[in-house]
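Note on naming: letters A, B, ... go to the chains in the order of the sequence lines (proteins, then strands), and numbering restarts at 1 for each one.
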Amino acid sequence: MNARVLIMLAALLVFSIGLVMAQEEMTKEQWQQEIQKYTTQRDGLSSQLKQLESDINAIKAQSTKAAEDYTKCQDELYALVGADAAKAAEYRAQIEAAENKANELMRLSDADLVARTSEVEGLEATVKNLWGNKLSLIPEFWDRLTALNEKVKSLRGTLDAQVKTYTVGTWSRDRDCLWNISKKPTIYDNAWLWPKIWQGNRDQIKNPDVIHTGQKLVIPKGNELTSDEKSAARKYYARKAAAVAPKVEPAAK
Amino acid sequence: MNTIKGKVTRFGVALLFTSSLALVGCTSHPDEAELKQLDDLKAEVASLQKEISDKEQQKSAVDKELADINAKLKKCADDQAVVKQRLANK
C-alpha cells in the first residue's frame, strides 16, 4: 500500500478521534447551563422544603390544641353525669366483662345454657345495674348496653323456650318423686331421664331422693341425658350400691 | 506532476492534524473543580428531593392525626348534646 495513503488514513483517524472527543466532553457553556439549571432546582426545592416544615409544625400545633380540647370535652362529658375519667374507665371495664359473659353464654348449647340459668339471671341483674348508672347516658356506653340488652333478651328467650316447670305435689296423693315425675307423659314420658330434672335443679335438690311438696322444678328440654347428667346418675347409683341398702326410688317427702 | 501530488497530500495531512488539534484544544471545557461543583449540586438536589418526599409523608401522617382528633372532638361535642338531652328527658 502506498505510504501516502497510509498517512492520509492516519490523519483521518486522528481527526475523527478529535471530533468525537470534542463532542463527548462537556463544554464550559454546557457546564454553566447545567449549574444554572441545578441551582434553580435546588433553590426551588429548598423553598418547598421550608414550606413543608412550616406546614408540618403548624399542623402539629393544631393537633396538640385539638387533643387538649378533646380531653377537656371528655372531662366535661363525664362531669355531666357526675363522673370522671377513672370512673368511666371502671364502668367501661364492667361493661366489657358483661359483654364477655354474654358472648360466652351465647356460645352454649341450649341444654348447657339451661344448666347455667343462674348465670343468665346474674347477667340480667348486672345489665340492669349498669343501666342504673348515669354513665349509661353517654352514647358510647348507651350503645354498648343496648347491644348487651339484645343479647340478654336472646338468652332469656332461649331459656324460656327450653324450660318448663313442674310443681311437686304430695307423695300420698301424686306419688311425686323424680322418677315418677320424669315418667309422666307431660314431662319426659321416660322415667330414666330423672337425672335431667335433678341436674337442672341442683340449686334446690341436693339429694335426688329428697324433694319437697310445693317445690317448683325446672324441667330442662331434651330427650336424652347429657354426659354430665349420665355421670351424676352413675355416681348416684354407685353410692346407693355402696350403701347396700334396699333399692329405693327417689321419692318426695 | 508527482511533486504537486505530494504537496497536496502533505497539505491535506497537515490540514487534518491541525483541524483535530483545533477541535480538541481550542474548545473551552470546565476544569475538575467546576465539574465537582456540578456533581455536588446534583447530589444536593437529589438529597433535597428525598427529604421533601419524607416530609410529604410526614405531613400526610400529621394531617391524618389532626383529622382523627377533630373527628373525636366533634363526636365528643355531639355526645355532650345527647347526654344533656337525655338528662333533660329523665
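Residue B:V82 touches chain A through its side chain alone, counting heavy-atom pairs closer than 4.5 Å. Only the side chain of A:K134 has a heavy atom closer than 4.5 Å to any heavy atom of chain B. Residue A:D69 touches chain B through both its backbone and its side chain, counting heavy-atom pairs closer than 4.5 Å. Contact of B:Q80 with chain A is made through backbone and side chain together, with heavy-atom distances under 4.5 Å. Using a 4.5 Å cut-off between heavy atoms, A:T39 touches chain B through backbone and side chain atoms alike. Heavy atoms of A:S46 lying under 4.5 Å from chain B belong to its backbone as well as its side chain. If you measure heavy-atom distances from A:L52 to chain B, the contacts under 4.5 Å come from the side chain alone. Looking at B:Q49, the atoms closer than 4.5 Å to chain A (heavy atoms on both sides) sit in the backbone and in the side chain alike.
With a 6.0 Å radius and a threshold of 12 heavy atoms from other residues, nucleotides or ligands, A:K28 has its NZ atom above the threshold. Around CD of A:E76, the count of heavy atoms belonging to other residues, nucleotides or ligands within 6.0 Å exceeds 12. Enclosure of atom NZ in B:K75 by more than 12 non-hydrogen atoms of other residues, nucleotides or ligands within 6.0 angstrom is indicated.
The distance from the CG atom of B:N70 to the NZ atom of A:K65 is 10.0 Å, given to the nearest 0.5 Å. Note that CG of B:L41 and NZ of A:K37 are 10.5 Å apart. Values are rounded to the nearest 0.5 Å. Taking CG from B:L48 and CZ from A:R42, the interatomic distance works out to 8.5 Å, rounded to the nearest 0.5 Å. For the atom pair B:I52 CD1 and A:Q51 CD, the distance stands at 11.0 Å (nearest 0.5 Å). Distance CD/B:E56 to CG/A:D55: 10.5 Å, rounded to 0.5 Å. For the atom pair CG of A:L49 and OG of B:S53, the computed distance is 11.5 Å after rounding to the nearest 0.5 Å.
When all heavy atoms of B:A77 and A:C73 are compared, the pair lying nearest together is N-SG, 3.7 Å. Contact detail for B:L87 and A:L80: the closest heavy-atom pair is CD1-O, 3.5 Å. Across B:V83 and A:L137, no two heavy atoms sit closer than the pair CG2-O, 3.5 Å. Nearest heavy-atom pair across B:I69 and A:S63 is CD1-O, 3.8 Å. Across every non-hydrogen atom of B:V45 and A:Y38, the tightest pair is CG2-O, 3.6 Å.
Considering only heavy atoms from C-beta on, A:M26 comes within 4.5 Å of B:L35 through its side chain. Proximity of B:K42 to A:E34: side-chain heavy atoms (C-beta onward) are separated by under 4.5 Å at one or more points. The shortest distance between side-chain heavy atoms of B:R86 and A:P139 falls below 4.5 Å.
Your options are A:I35, A:V81, A:T64, and the one with the most heavy-atom pairs under 4.5 Å with chain B is A:I35. Looking only at heavy-atom pairs under 4.5 Å with chain B, the residue among A:E29, A:K72, A:Q41 that has the most is A:Q41.
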